[in-house]
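Below you'll find the structure, written out as structure tokens, and then a few comments.
This is a predicted model, so every value here is computed, not measured. Throughout, a chain's letter reflects where its sequence line sits, starting with A, and its residues are numbered from 1.
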Number of protein chains: 2
Amino acid sequence: MSDLNTPSGIVASLQRGQLFSAACPSRDVLKHITSRWGVLVLVALSTGTHRFSDLRRKIDGVSERMLAQTLDWLEGDGFVARRAYPVVPPHVEYSLTPMGREVADRVAGLVDWIEENLGRVLHQHHDTGVAPADQPVE
Amino acid sequence: MSDLNTPSGIVASLQRGQLFSAACPSRDVLKHITSRWGVLVLVALSTGTHRFSDLRRKIDGVSERMLAQTLDWLEGDGFVARRAYPVVPPHVEYSLTPMGREVADRVAGLVDWIEENLGRVLHQHHDTGVAPADQPVE
DNA sequence: GGAAGTACATACAGAAATGTTAGTATGAAG
DNA sequence: CTTCATACTAACATTTCTGTATGTACTTCC
């Protein structure tokens with residue numbers, strides 16, 4: 001009886017201890033997903049297949065290099081599927097894998113919350129009293 | 001931006017365009033939440049109030065500096081509440097604010113997914129086999 | 001013939017994040 | 001009296017991240 005695999009909370013609570021451990025591989029996966037562009041790519045692909053240049057245009061601010069690398073990470077983790085057509089001007093399509101969709105849904109949930117509550121959050125910054133602290137700007 | 005608050009999808013889709021814009025402030029909030037330690041702090045605080053050193057011991061790998069800074073960001077965004085007791089050896093307690101709990105729940109959802117599916121993800125890395133040159137496709 | 005467009009890879013560089021070390025206040029413990 | 005513990009901050013070093021510039025293959029358009 002390998003009951004270490006109960007899909008409910010047992011595994012979750014056990015495994016969670018893992019994330020808190022520096023060496024746990026889940027930290028790498030988390031890093032890819034929560035990376036600056038990873039989140040945006042997942043959300044962008046939530047609406048369907050996109051070509052490389054479409055993503056680049058949609059995600060304001062990404063450089064080709066970063067987009068390529070992010071897609072590479074996500075593909076390596078099995079969240080994104082890459083499909084290349086051997087045509088003259090390169091044509092490549094990216095889409096979410098079933099697993100990627102599961103992740104993207106959760107990421108989108110977080111992103112949606114932020115956007116819907118941005119007002120409340122920003123308001124906080126005002127009555128936080130002060131603390132210009134040491135972080136210049138971003 | 002006061003009556004743009006319809007709770008359903010309208011705001012989400014409109015606002016979402018914001019996240020895709022480089023200058024949107026939501027990117028900063030997202031950065032704090034998805035920062036390397038931000039995720040871990042939120043998850044750690046999900047189980048209740050913690051003192052600074054408790055968090056430090058629980059989150060393997062954080063340095064005091066980073067923990068302090070992360071808590072500062074999260075406090076500034078209104079996700080974490082800080083309570084200091086003016087006692088001899090400093091005593092400070094951190095906990096989630098109502099707003100922080102909402103965010104933490106979503107973050108925890110993502111983290112849980114990762115931990116529960118880590119096996120599948122790691123497996124991916126193996127058969128990511130090198131693409132044999134050209135992809136005929138279709 | 002020359003320019004343009006696509007989906008990248010590679011090299012180098014500047015920016016940003018993170019870590020390390022040292023230090024502060026104060027009371028308790030040894 | 002010395003050491004320890006807490007919750008930090010400031011200064012400095014380092015690692016990591018991200019961007020820019022450049023190049024490639026090949027075809028279509030002018």
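In this structure, the CD atom of B:E75 is 15 Å from the P atom of D:dA7, given to the nearest Å. Taking atom CG on A:L71 and atom C1' on C:dC8, their separation rounds to 11 Å, with Å as the unit. Whole-Å rounding puts the A:H50 NE2 to C:dA7 C1' distance at 16 Å. We find that NE2 of A:H91 is positioned 14 Å from C1' of C:dG5, with the value rounded to whole Å. A straight line from CG of B:D72 to C1' of C:dT18 spans 16 Å, rounded to a whole angstrom. The distance between atom CZ of B:R56 and atom C1' of D:dT6, rounded to the nearest whole Å, is 12 Å. Per the geometry, CZ belonging to B:F52 stands 15 Å off C1' belonging to C:dT24, to the nearest Å.
Checked against side-chain contact (heavy atoms from CB on, under 4.5 Å), A:P25 has the following partners two or more places apart in sequence or in another chain: B:L118, B:L122. Applying the salt bridge (charged side-chain N to carboxylate O under 4.0 Å, His left out) criterion to A:D28, with sequence neighbours excluded, gives no partner residue. A search for ring-ring contact (aromatic ring centres under 6.0 Å, His included) contacts involving A:H50 returns nothing, not counting sequence neighbours.
Taking 4.0 angstrom as the limit, A:S53 places none of its side-chain polar atoms (N or O) nearer than this to OP1 or OP2 of C:dG5.
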* Asked: Is there a side chain to side chain contact (heavy atoms under 4.5 Å, CB included) between A:L55 and A:L45 once you walk through the steps?
  -> CA-CA 8 Å; A:L55 286 172; A:L45 291 181; 3.9 Å; yes
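When atom types are taken as modelled, the side chain of B:R27 and the backbone of B:F20 share a donor-acceptor pair closer than 3.5 angstrom.
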Within the sub-3.5 Å range, which N or O atoms of nucleotides 25-30 of chain D have a protein N or O partner, and how far apart are they?
none

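Within 4.0 Å of B:R51, counting heavy atoms only, lie sugar-phosphate atoms of the nucleic acid but no base atom. Contacts of A:Y94 with the nucleic acid, taken as non-hydrogen atoms under 4.0 Å apart, involve only primed sugar atoms and P, OP1 or OP2.
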Got a list of side-chain donor-acceptor pairs under 3.5 Å for residues 61-70 of chain A, not counting sequence neighbours?
{"residue": "A:S63", "atom": "OG", "partner": "A:M66", "partner atom": "N", "Å": "3.2"}
{"residue": "A:T70", "atom": "OG1", "partner": "A:M66", "partner atom": "O", "Å": "2.8"}

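Sorted by first and then second residue, the ring-ring contact (aromatic ring centres under 6.0 Å, His included) pairs involving residues 87-111 of chain A (not counting sequence neighbours) are A:Y85-A:H91. Applying the salt bridge (Lys or Arg N to Asp or Glu O under 4.0 Å) test to every pair with at least one member in residues 81-106 of chain B, sequence neighbours left out, gives these pairs: A:R120-B:E102.
Counting side-chain heavy-atom gaps under 4.5 Å among Ile, Leu, Val, Met, Phe, Trp and Tyr, A:W73 is found in no cluster with other residues.
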* Asked: How would nucleotides 15-21 of chain D be written as a contact map, 5' to 3', with B for base contact, S for sugar-phosphate-only contact and - for no contact, using protein heavy atoms under 4.0 Å?
  -> --SBBB-
